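Step one of this worksheet: look at the structure below.
Note that the structure is predicted; figures quoted are calculated from it, not measured.
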Amino acid sequence: MPKPALRFYNTLSRQKDIFTPIDPEHIRLYVCGPTVYDRIHIGNARPVVVFDVLARLLRFYYPHVTYVRNITDVDDKINARAAERGISIRALTDKTTAQFHTDCAALGALPPDHEPRATDHIDGMIAIIETLITRGHAYEAEAHVLFDVSSFPDYGKLSGRSTDELRAGARVEVAPYKKSAMDFVLWKPSDANTPGWDSPWGRGRPGWHIECSAMSRAYLGDVFDIHGGGLDLIFPHHENEICQSCAAHDQSHMAHYWMHNGYVTVSGEKMSKSLGNFVTMAELLDTTKGEIIRHSLLQAQYRGPLDFSLDALKESEAALNGLYRAVGDVPLDMDVAVDTACLDALADDMNTPLALSRLHKLASMVNRGDASAAPVLKRSAALMGLLPDTATAWFQHSIKSHDTHDTHDTHDSHDAAIQTLIEQREQARADRDFAEADRIRDQLAADGITLEDKAEGTVWRRS
C-alpha cells in the first residue's frame, strides 16, 4: 500500500508543502542544537523530541537520512560561565554536553548521525568569511568582520519582513564600525582572557551565525533538504545563516524547507531562563519518567505553543499506562505495518495529537479482544519513539536518581521481593489455592502494589 505524501509547513513558503527531496536516495536534515553552558530546560527539550520524530518519519520513508544536530561550544555565555567557575570552556562544555546527552537519552531521542562541535570547525568558518569578503558581501572593521546586509537583496525573506521592519525591531549591536545597524558579526576579536583562534584578521572568535553555516556545509553540502530549530531562531539566526551561506556559495537556497517548533509556555508565557519560569530536565527526571515527558511534549502539534504543567505530565502518565496495559509484552516487529490513520496524521505536518489519539483507538481495539491490534499499536508508537519498553518493565520501573554513584540496592531488593510474591501467587493459583492467591494480592495492595493479570502473565505497578 503506498505511503501518504509527506507535507510539512515550510516557514520559507508560509504554507504546507509536499516534501520533494533533492535526492530521494539521501535526505539531509540539519537542526540547531544547544549552546552548552547549562542544563537544558523543558523548553529546550521540545526541539529534541520534535526533530527526533521527524528523523524517524523520514527514515520510515527513505533509505538513507543524514541527521546533523550541532553543539555550540563557543559563545559569550559559555565564556562568562567558564570564567565564573574558573575552568576552561572545554571543561565546561564537555560536562554540559554529556549532561545534554543524558537528557536526550532519557527522552528516548536517538542520537543524530553527526553532532559537530563549533570549535572543531573554526577553519571552515574562516574559509567562508574569506569567500564573503572576496565576493563583496563582508568587510573588515576594527578587527571585526561583518556581513554587509545591503549586499544581499533577499535579506528578510525567511522572516517575511522588510529590511526596514527588521532594522527597527532587531536586537543588534550598534557599533561605530558598522556600515549599517543591520550588519552582523562574522568574526570578532578576543582579548588575552577570552578564548580565541588565529585568523587573517587577528586572534578572535566566530560570530554565532557563521558556526551553523560552516557545520551544515561540512556534513550536508551547500544546499540540503530541511533545516530545523525553534521559532525564536527564525530571526536573526536563520535569516543570517541563509544570507551568508547563499552569498558565499552562490546558491538561491541554503535549505529547501525550514521547520520551526513553537514555544513551551507556562500559564501562556514563554518558558525561558531569563524569566525564571523554567524547570530543568534534571529536575523533572528526578521524579518523572523520560517517556512521560516525551509524551507530554507530543500532545500539541509541534508548530503551536505547548503549555507545560505538572497536571499535563500526570495526564501523560495515565495515557501511557493505558497504552502499556493494552500492548503488554508484545515485541516490536519492524515488519508489521504502521497503522494507516496514524501514518496519515504524522505525514500531515507531524500531527502528533491526532496520531496519539489513534494509538488510544488501537488500545481500545486490543482491550475489546482484538489481539492483532497490539503489534500494530507497538509498531505505530515506535514511529513517535513511544512504548519502547514491555508492559512488565514499564510498570515495574521506579524513578531513580541520575547520580551514577547511587546503586539503589534497596529498590532492586524490593523489586525482587515483589516478584517472588507474584511467583508464589501464580503457584497458588495453579494449585487452585485461591484463598492464598487472594491473600498475596491483598498483601501487595497494602504495600501499594497493584497487580494486573494479563494473557501473557501478571504485571505490577506501584499505585
Side-chain angles (χ1 to χ4, degrees), residues 28-40 44 47-48 51 55 65-83 85 87-105 109-133 138 145 147 184-190 193-224 226-229 233 237-238 240-242 244-245 248-249 254-255:
R28 290 168 291 166
L29 166 67
Y30 183 89
V31 175
C32 287
T35 300
V36 285
Y37 68 97
D38 207 345
R39 294 297 291 262
I40 64 169
N44 306 136
V48 171
F51 292 107
V65 176
T66 298
Y67 173 23
V68 180
R69 183 185 64 212
N70 77 292
I71 295 288
T72 296
D73 62 348
V74 53
D75 176 88
D76 287 346
K77 290 179 181 177
I78 292 173
N79 297 341
R81 184 63 56 84
R85 296 184 181 177
I87 59 177
S88 68
I89 63 167
R90 189 72 186 200
L92 173 66
T93 59
D94 279 352
K95 180 178 180 180
T96 48
T97 298
Q99 291 169 334
F100 172 66
H101 290 158
T102 296
D103 293 340
C104 289
L110 300 173
D113 298 291
H114 302 284
E115 194 177 51
R117 296 175 67 128
T119 52
D120 292 333
H121 291 268
I122 300 296
D123 288 346
M125 299 173 205
I126 290 173
I128 294 175
I129 295 171
E130 288 179 314
T131 300
L132 289 171
I133 292 174
V145 181
F147 187 90
F184 59 89
V185 172
L186 300 171
W187 189 265
K188 51 190 172 183
S190 294
N193 298 317
T194 306
W197 291 261
D198 291 334
S199 81
W201 317 286
R203 184 175 178 276
R205 60 198 191 280
W208 173 32
H209 315 302
I210 196 67
E211 296 176 6
C212 285
S213 285
M215 287 183 280
S216 63
R217 187 189 192 208
Y219 291 93
L220 302 177
D222 293 347
V223 186
F224 49 93
I226 302 174
H227 195 314
L233 298 182
H237 185 49
H238 288 168
N240 292 353
E241 276 188 64
I242 289 173
Q244 65 198 10
S245 290
H249 312 315
M254 178 187 185

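The shortest distance between side-chain heavy atoms of Arg117 and Thr97 falls below 4.5 Å. Proximity of Glu211 to Val74: side-chain heavy atoms (C-beta onward) are separated by under 4.5 Å at one or more points. Between His227 and Cys32 the shortest side-chain heavy-atom distance falls below 4.5 Å. Looking at heavy atoms from C-beta onward, Cys212 lies out of side-chain contact with Met125 at the 4.5 angstrom threshold. Using a 4.5 Å cut-off on side-chain heavy atoms (C-beta onward), Asp222 and Ser245 make no contact. With a 4.5 Å cut-off on side-chain heavy atoms, Phe100 and Arg39 do not count as touching. Side-chain contact check for Ser216 versus Met254: some heavy-atom pair is nearer than 4.5 Å. Residues Asn44 and Pro34 form no side-chain contact, since every pair of their non-hydrogen atoms from C-beta on lies 4.5 Å or further apart.
The CG atom of Asn240 lies 11.5 Å from the CG atom of Leu233; values are rounded to the nearest 0.5 Å. With rounding to the nearest 0.5 Å, the separation of NE2 in His209 from CZ in Phe147 is 11.5 Å. Atom CZ of Arg81 sits about 14.0 Å away from atom CD1 of Ile89, to the nearest 0.5 Å. Note that the OG atom of Ser213 and the CD1 atom of Ile129 stand 10.0 Å from one another [nearest 0.5 Å]. In this structure, CG on Leu186 lies 8.0 Å from CD1 on Ile133, to the nearest 0.5 angstrom. Atom CG of Asp120 is separated from atom CG of Asp73 by 7.0 Å, given to the nearest 0.5 angstrom.
The two residues Tyr67 and Pro112 come nearest to each other via the heavy atoms O-CB, 3.5 Å. Annotation for Trp187 and Gly202: closest pair NE1-O, 3.6 Å, computed over non-hydrogen atoms. Across every non-hydrogen atom of Leu92 and Ile78, the tightest pair is CD2-O, 3.7 Å. Shown here for Asn70 and Met215, the closest heavy-atom pair between the two residues is ND2-CE, 3.5 Å. The nearest pair of heavy atoms linking Arg203 to Pro195 is NH2-C, 3.9 Å. Between Ile226 and Ala255, the shortest heavy-atom contact is C-CB, 4.3 Å.
A donor-acceptor distance shorter than 3.5 angstrom exists from the side chain of Arg205 to the backbone of Pro189, with no hydrogens or angles considered. Without hydrogens or angle criteria, Arg217 side chain to Val223 main chain gives no donor-acceptor distance under 3.5 Å. At distances below 3.5 Å, not a single donor-acceptor pair connects side-chain atoms of Thr72 with backbone N or O atoms of Thr35.
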Using the side-chain contact (heavy atoms from CB on, under 4.5 Å) rule, take Thr66 and Leu29 through it: C-alpha gap first, then chi angles, then the decisive distance, then the call.
CA-CA 6 Å; Thr66 298; Leu29 166 67; over 6 Å; no

Test side-chain contact (heavy atoms from CB on, under 4.5 Å) on Tyr37 and Asn79 and set out the steps.
CA-CA 9 Å; Tyr37 68 97; Asn79 297 341; over 6 Å; no

Let's go through Lys188 and Asp76 carefully: what are the C-alpha distance in whole Å and the side-chain angles of both, what is the deciding distance for salt bridge (Lys or Arg N to Asp or Glu O under 4.0 Å) to 0.1 Å, and is it a yes or a no?
CA-CA 11 Å; Lys188 51 190 172 183; Asp76 287 346; 3.3 Å; yes

List the steps and the verdict of side-chain contact (heavy atoms from CB on, under 4.5 Å) for Ile210 and Ile128.
CA-CA 8 Å; Ile210 196 67; Ile128 294 175; 3.7 Å; yes

What do the steps show when you test Thr119 against Trp197 for side-chain contact (heavy atoms from CB on, under 4.5 Å), and what is the final call?
CA-CA 10 Å; Thr119 52; Trp197 291 261; 3.8 Å; yes

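In this structure, Asp113 does not pair ionically with Arg28, as no charged nitrogen and carboxylate oxygen lie closer than 4.0 Å. The pair Asp38-Lys77 does not count as a salt bridge, with every side-chain nitrogen at least 4.0 angstrom from each carboxylate oxygen.
Note on ring orientation: taking the six-membered ring where Trp is involved, the planes of His237 and Trp208 are parallel (angle under 30°, cut-offs 30° and 60°).
In this structure, the ring of Tyr219 has its center less than 6.0 angstrom from the ring center of His121.
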